[in-house]
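Counting from 1, the numbers follow the sequence of the chain as shown. Side chains included, hydrogens not; waters and symmetry mates left out as well; all remaining heavy atoms used.
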Amino acid sequence: MSEVSLILDAKDIVGESILWSEEEKALYWVDIVGKRIHRLEPENGRHDLWPTPDFVTSIGMRADGGFIVGLTRAVCLWTPEGVFEEFAVPEPDLPENRLNEGRVSPDGSFWVATMQSNLNPDGSPKDMDRQSGAIYRIDPAGHVAQLTPNEYGISNTMGWTRDDRFFFADTLANEIYVFDCDLSAGTIDNRRTISAGFERGLPDGSCLDAEGRLWNCRVAGGAAVAGFDGNGRLLELVELPASWPTSCAFGGADLAALYVTSARFAMPGAHLDAHPLEGGLFAVEGVGRGLAEPKFGSAPDITRSALEIAR
């Protein structure tokens, strides 16, 4: 039986891209519209915040220390208290697009997906009229490779399985996909839809557990995290006291807590008065255990295989 608790009343406008640092015993995540990066140590409650110079869309850890961060259009290298150093711009010729989902893959590259921007410069909602998002892979040398056509509405969810599959979602389409994935070649193909039209909200960020199950945040009124098997069959639905859950990651002792961010984007004051926990950070106990987060610039799985062959 799962148990949900509020960990931090963050009041994020759009909390996203949460990850667990095992070395620091800390969570990191971003508030896209709030233009800030969070760090929280759940055991003692220490909470740090850093402002960002632009909308901040994703964050990943680097093997050499610090972080790789997606801003509105540029992927940057950053260390706390330091500057944001531009590293790569996936779509220099598509100024109406912005970055959205981003995550370090098991081979140590950074995958980032784009979308038509839904934000005005002041952070207010902007109408969308096309599906122009794509997925990109950025290697540690800064080389950018486009992995899909520009055909997605709101790009979300990234997860790599041990049997060479890759999960992805389009929030606007209310669909979750799986691709065949060849990490050694840096390619994905053979897309299949495994969930379409699920009635609780829309798919946002996800993470995989140690059993290969996909935990997907159901944004836009879904108020839940849905647990799916690898074929898209619903296994469990975890109810949350926030209507827009956005991103999730396993962390804590034995990676046994599922941490979930949420949003309060464009919600009227009357709704927020009645639902004050919107934008909070939550912990879910009792749904499984996670896997360690990869780091940009390292390839632990490939390195381990090479060592085993050498022996």
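Applying the side-chain hydrogen bond (donor to acceptor under 3.5 Å, both in side chains) definition to pairs two or more places apart or across chains, those involving residues 63-78 are Asp54-Thr72, Arg62-Asp64. Legend: side-chain hydrogen bond (donor to acceptor under 3.5 Å, both in side chains) pairs involving residues 220-231, not counting sequence neighbours, sorted by first then second residue: Asp229-Arg233. Residue pairs meeting the side-chain hydrogen bond (donor to acceptor under 3.5 Å, both in side chains) criterion with at least one member in residues 86-95, sequence neighbours excluded, are Glu91-Asn97, Glu91-Thr114, Glu91-Tyr136, Glu91-Asn150.
Proximity of Ile135 to Ser155: side-chain heavy atoms (C-beta onward) are nowhere separated by under 4.5 Å. Within the 4.5 Å cutoff, the side chain of Phe166 has no heavy atoms near those of the Leu183 side chain.
Side chains of Glu278 and Ser243: a donor on one and an acceptor on the other come within 3.5 Å.
Listed by chain and number, the hydrophobic cluster partners of Leu208 are Phe167, Ile176, Val178, Ile194, Phe198, Leu214, Phe228, Leu234, Leu237, where partners are ILVMFWY side chains within reach of under 4.5 Å, directly or through others. Hydrophobic side-chain contacts under 4.5 Å tie Val83 to no other Ile, Leu, Val, Met, Phe, Trp or Tyr residue.
The salt bridge (charged side-chain N to carboxylate O under 4.0 Å, His left out) test applied to Glu43 returns no partner, not counting sequence neighbours. Residues passing the side chain to side chain donor-acceptor pair (under 3.5 Å) test with Asp209 are Arg213, Trp215, sequence neighbours excluded. Contacts of Arg191 classified as salt bridge (charged side-chain N to carboxylate O under 4.0 Å, His left out), with partners at least two apart in sequence or in another chain: Glu151. Shown here are the salt bridge (charged side-chain N to carboxylate O under 4.0 Å, His left out) partners of Glu293, two or more places apart in sequence or in another chain: Arg103. Listed by chain and residue number, Asp180 satisfy the salt bridge (charged side-chain N to carboxylate O under 4.0 Å, His left out) test with Arg192 (two or more places apart in sequence, or in another chain). Here Phe55 pairs with nothing under the ring pair (Phe, Tyr, Trp, His ring centres under 6.0 Å) rule; sequence neighbours left out. Under the ring pair (Phe, Tyr, Trp, His ring centres under 6.0 Å) criterion, His47 pairs with His38, sequence neighbours left out.
Screening Tyr28, Trp50, Phe87 for a ring-ring contact (aromatic ring centres under 6.0 Å, His included) with Phe67, the sole residue that qualifies is Tyr28.
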